[in-house]
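Note sheet for the following structure.
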2 protein chains.
Amino acid sequence: MVSRAESAAATRRAVLDAAAELLDEGGPDAVTLRDVSARAGVSRGAPYGHFADKDSLLAAVATEDWERFSDEIATLRGTPAAKLRGALTALVSIGRHHPHRYRQMLGPPAGEDPAQMVAASCRAQEEFLALVSQVVDKQDVHRYGGLLFTGVSGIINAELSGHFTTGKWRTSADELVDTLVTLIAHVQPSDHMAGGSSPAR
Amino acid sequence: MVSRAESAAATRRAVLDAAAELLDEGGPDAVTLRDVSARAGVSRGAPYGHFADKDSLLAAVATEDWERFSDEIATLRGTPAAKLRGALTALVSIGRHHPHRYRQMLGPPAGEDPAQMVAASCRAQEEFLALVSQVVDKQDVHRYGGLLFTGVSGIINAELSGHFTTGKWRTSADELVDTLVTLIAHVQPSDHMAGGSSPAR
DNA sequence: CCCACTCGGATGACGTCGTCATCTGTATGA
DNA sequence: TCATACAGATGACGACGTCATCCGAGTGGG
């Protein structure tokens with residue numbers, strides 16, 4: 001026998017999974033609440049018992065993806081440098097295997113309660129910065145950590161948009177990521193330029 | 001008296017402008033062909049005489065934005081380093097003044113004829129690489145050029161998503177751009193990147 | 001053991017959207 | 001002058017997000 005709460009949780013899970021699947025298959029426009037419901041085996045109105053609207057459902061998918069990513073990079077083992085590269089590889093991997101969910105993760109927090117998605121991405125940032133702090137000098141952690149993460153995300157985005165196959169960059173995402181990591185790993189705090197104004201908040 | 005071709009071109013222009021406006025104001029979901037038509041002062045079906053579908057219209061807007069950006073960075077004057085900084089500043093400026101159009105530009109080429117948007121972004125890449133080639137060694141142009149452009153675009157995207165105000169990165173987009181430019185081009189950071197370049201349109 | 005209650009889920013409906021088939025009016029060219 | 005072509009207007013259709021309403025099964029008290 002299934003309790004009512006259990007069945008409700010199962011429905012929520014099924015809806016979430018169906019949405020993630022459809023998002024993977026055809027992007028946000030292919031995520032139709034009607035199709036989601038059908039694939040989850042529930043009625044059209046059922047998702048509204050768990051998510052305020054379509055945007056909130058998509059945000060919930062992204063939130064789970066952020067949490068999965070956080071767990072993944074938090075359990076990396078090896079040398080600090082290897083862990084850092086592992087984290088970046090994990091990010092690249094998400095972008096390549098789940099382009100649309102990747103874009104959803106990196107887009108602006110949406111839905112009825114954006115704070116939830118913000119919190120999830122915040123934790124990922126913390127985990128990532130923890131790895132960075134083992135590789136670069138303490139005072140450069142945020143600057144280099146932020147640059148690594150946002151830079152790599154931009155590289156991935158360019159690859160997903162086909163800019164390396166159809167554009168003029170005669171290079172690849174892998175090479176760029178490697179270049180960026182090498183640049184940051186090589187430049188040690190010795191030459192910290194005076195540019196660093198007061199950090200934002 | 002207006003010739004038929006002239007009136008048709010005017011309609012196309014009005015539709016394009018109306019779409020860009022609505023995109024600026026409320027993002028892609030706010031771009032309704034009905035609203036576009038109304039704002040352009042034409043009927044609901046008129047846009048279909050010039051654009052295959054909504055995605056093609058959005059792609060046409062992005063194409064024009066790429067062309068405008070290409071023209072802008074192609075006419076920059078000053079030292080090579082200043083021109084490179086100016087190009088990146090122009091990119092940042094588009095992201096800040098027209099976030100949704102910026103996202104449209106950096107998203108995957110869409111519409112009935114993606115090649116058109118691809119060509120436009122290709123020209124921008126060429127113009128940008130031309131600037132980069134004056135600052136870095138010949139053999140590093142593509143690697144560093146691609147890294148600069150995609151890296152900065154990732155930084156902007158993070159800012160647009162609010163990751164610097166709600167996240168754990170205790171830094172700012174300006175600082176990250178400066179850091180990246182300094183790392184790659186060994187060009188001293190500008191005092192304030194946000195400053196003076198003219199916004200796109 | 002029974003019953004009223006609760007609440008997740010199902011259903012019907014509404015307004016809006018993208019899109020297309022069809023119609024109309026006017027500039028064009030012979 | 002008039003037939004033609006074509007931009008634009010209009011009506012219609014299916015699909016979508018969303019909500020008001022209804023249903024039925026798990027639940028707790030008697």
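Below, read A as the first sequence line, B as the second, and so on, with proteins coming before strands; counting in each chain starts at 1.
Listed by residue number, the members of residues 42-59 of chain B with any heavy atom below 4.0 angstrom from DNA chain D are B:V42, B:S43, B:R44, B:G45, B:A46, B:H50. Near DNA chain C, defined here as any heavy-atom distance below 4.0 Å, the residues from residues 19-36 of chain A are A:R34, listed numerically.
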query = Where do A:R143 and B:T171 land on the side-chain hydrogen bond (donor to acceptor under 3.5 Å, both in side chains) test, with the steps shown first?
reply = CA-CA 6 Å; A:R143 210 150 48 98; B:T171 180; over 6 Å; no
query = Is there a side-chain hydrogen bond (donor to acceptor under 3.5 Å, both in side chains) between A:S37 and A:R44 once you walk through the steps?
reply = CA-CA 5 Å; A:S37 305; A:R44 295 193 314 273; over 6 Å; no
inquiry  = Between A:R123 and A:D71, does the side chain to side chain contact (heavy atoms under 4.5 Å, CB included) criterion hold? Intermediate values first, please.
reply    = CA-CA 9 Å; A:R123 207 198 116 209; A:D71 294 343; 2.8 Å; yes
task = Under the side-chain hydrogen bond (donor to acceptor under 3.5 Å, both in side chains) rule, what do A:R103 and A:S161 come out as? Steps first, then yes or no, please.
result = CA-CA 11 Å; A:R103 282 215 155 91; A:S161 295; 2.7 Å; yes
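By the 4.5 Å heavy-atom criterion applied to side chains, A:P28 and A:Q104 are counted as neighbours.
Although no hydrogens or angles enter the test, the distance criterion places a donor-acceptor pair under 3.5 Å between the side chain of B:S70 and the main chain of B:A124. Using a distance-only test at 3.5 Å, with no hydrogens or angles considered, a donor-acceptor pair links the side chain of B:H97 to the main chain of B:S93.
Atom CG of A:L176 is separated from atom CD1 of A:I156 by 11.0 Å, given to the nearest 0.5 angstrom.
The separation between A:R13 atom CZ and C:dG8 atom C1' is 18 Å, rounded to whole Å.
Here A:T11 reaches the OP1 or OP2 of C:dG9: one of its side-chain N or O atoms lies under 4.0 Å away.
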